[in-house]
Number of protein chains: 2
Amino acid sequence: MTQEQFAKYSFLLDRTARKVKQYAQQQFKQGDFDVTVDQWLVLKNLSEFGPMSQTELANLVFKDHPTLTRIIDLLSKKEYVKRVPHPQDRRSFQLHLTDSGVSKVTALRPKILQIREKAWENLNEEDFEEFKRILNTIYQNLGGQVMEE
Amino acid sequence: MTQEQFAKYSFLLDRTARKVKQYAQQQFKQGDFDVTVDQWLVLKNLSEFGPMSQTELANLVFKDHPTLTRIIDLLSKKEYVKRVPHPQDRRSFQLHLTDSGVSKVTALRPKILQIREKAWENLNEEDFEEFKRILNTIYQNLGGQVMEE
DNA sequence: TACAAATAATTAGTGTGACAAATATATGAA
DNA sequence: TTCATATATTTGTCACACTAATTATTTGTA
């Protein structure tokens, strides 16, 4: 394996990740989902794990704080999420889905699961396991923390 | 394989790609390379394949035209690249590395190859082949064109 | 208690990515 | 030749990623 090969794999990885995101975003747009792929990730996690602070959410979705602040700003403006002052800690907020946010998640969830499926055609269980293992190895090589299942 | 799994893999892919880019960018910054990861990709390809138009280059690095225009703007400002009017076609430019651009590529190339290696520790030849195959399958599933080696 | 250090969130600045629309020029068919 | 169509590049707008710095508040330690 030459060093040049490593650079090529980095390129392939980047290109594929962009394609997956772009494809999903196009479908979101076509279906008038009124959220971006990243905004969806935030809504979905709030829905699954309940109210939490921005720091907790940032760790969950692996976005940095400034990025998350802006995503929350956008979701607040759309009134899918609201910032509720934390009762004990005046520095922080609890993020809650609004009723409208809950409905949005319910409505979009099945559609998005279907969109996500497309990328994985022509691959089997073994491929998925391999892929996950390799991605996690790379992530750890660069100092990332992998969560247990 | 449940639909939820597909969403998780999409997330892992995105997260890993961002990590790889972020790691490289940090190293670039630490070494005062004076270019970003994406700017480097452009310089490297111009160095390897010689002068070409922006359209050709955009196809080579899989960036869209507006994005490439802006990257070239930055590289021009830094005087690593210059736009030379195409002799026959006044709509287009030939992109040339400047002398300073050539030196930059020569100086950075070995350092960057080394940085890229880090992500791939603890993986073997078979893993790389698998990984490439899976990435390309995904890319094709979403309508992308894969190049022959 | 007092005050330095840590933490939560935001702001600012730059770069990249996607998409749509605009501009300038070239090409091909009637 | 002319005019519609195609091509090369740019501009504009919004969203996201990362860094650094800032603000407000809390915590830990002397």
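Keep in mind the model is a prediction, meaning the values are calculated, not measured. Chain letters run A, B, ... following the sequence lines, proteins first and then strands; every chain starts at 1.
- You'll find the ring centres of A:Trp40 and A:Tyr80 outside the 6.0 Å limit.
- Under 3.5 Å, the side chains of A:Gln3 and B:Glu117 contain a donor-acceptor pair of N or O atoms.
- Between the C1' atom of D:dT9 and the CZ atom of B:Phe93 lies a distance of 7 Å, rounded to the nearest Å.
- At least one donor-acceptor pair closer than 3.5 Å links the side chain of B:Gln39 to the backbone N or O of B:Thr36.
- Remark: A:Asp73 pairs with A:Arg83 by the salt bridge (charged side-chain N to carboxylate O under 4.0 Å, His left out) rule, at least two apart or across chains.
- With sequence neighbours left out, B:Phe33 forms a ring pair (Phe, Tyr, Trp, His ring centres under 6.0 Å) with B:Phe28.
- Annotation: proximity of residues 55-71 of chain B to DNA chain C (heavy atom, distance under 4.0 Å) is found for B:Lys63, B:Asp64, B:Pro66, B:Thr67, B:Arg70, B:Ile71, numbered in ascending order.
- When all heavy atoms of B:Gln94 and B:Ser53 are compared, the pair lying nearest together is OE1-N, 3.9 Å.
- Evaluation of the side-chain hydrogen bond (donor to acceptor under 3.5 Å, both in side chains) rule for A:Arg116 yields no partner, not counting sequence neighbours.
- Non-hydrogen atoms lying under 4.0 Å from DNA chain D are contributed by B:Gln26, B:Lys29, all within residues 24-50 of chain B.
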Protein-nucleic acid N or O pairs under 3.5 Å, nucleotides 25-29 of chain C:
unit_1: C:dA26; atom_1: OP1; unit_2: B:Arg90; atom_2: N; d: 3.0

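- Side chain of B:Asp127 to main chain of B:Asn124: a donor-acceptor pair is present (N/O by atom type, distance under 3.5 Å, no hydrogens or angles).
- Looking at residues 73-83 of chain B, you'll see B:Arg83 sit with a heavy atom under 4.0 Å from some atom of DNA chain D.
- A donor atom on one side chain and an acceptor atom on the other are not found under 3.5 Å apart for B:Gln27 and B:Lys111.
- For the contact set between residues 15-22 of chain A and DNA chain C, defined by any heavy atom under 4.0 Å, the members are A:Arg18, A:Gln22.
- Connection of A:Leu113 to A:Leu123 is not established within any shared hydrophobic cluster, with ILVMFWY side chains joined at heavy-atom distances below 4.5 Å, either directly or through further cluster members.
- For A:Glu121, there are no side-chain hydrogen bond (donor to acceptor under 3.5 Å, both in side chains) partners two or more places apart in sequence or in a different chain.
- Residues passing the side-chain hydrogen bond (donor to acceptor under 3.5 Å, both in side chains) test with B:Asn59, sequence neighbours excluded: none.
- Looking at A:Asn45, its side chain does come within 3.5 Å of a backbone N or O of A:Leu41 through a donor-acceptor pair.
- Toward the 5′ end of DNA chain D lies the nearest nucleotide of B:Gln94, the other residue of the pair B:Gln94 and B:Asp14 mapping further downstream.
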Any protein N or O atoms within reach of nucleotides 3-5 of chain D? Criterion: under 3.5 Å, listing atom names and distances.
none

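- In this structure, the side-chain hydrogen bond (donor to acceptor under 3.5 Å, both in side chains) partners of A:Asn141, at least two apart in sequence or on a different chain, are B:Asn122.
- When the side chains of ILVMFWY residues are joined at heavy-atom separations under 4.5 Å, either directly or via intervening members, B:Val42 and B:Val84 end up in two distinct hydrophobic clusters.
- The aromatic rings of B:Phe62 and A:Phe11 sit tilted relative to each other, their planes meeting at an angle between 30° and 60°.
- Contact between A:Arg18 and B:Val61 at its shortest, heavy atoms only, is NH2-O, 4.1 Å.
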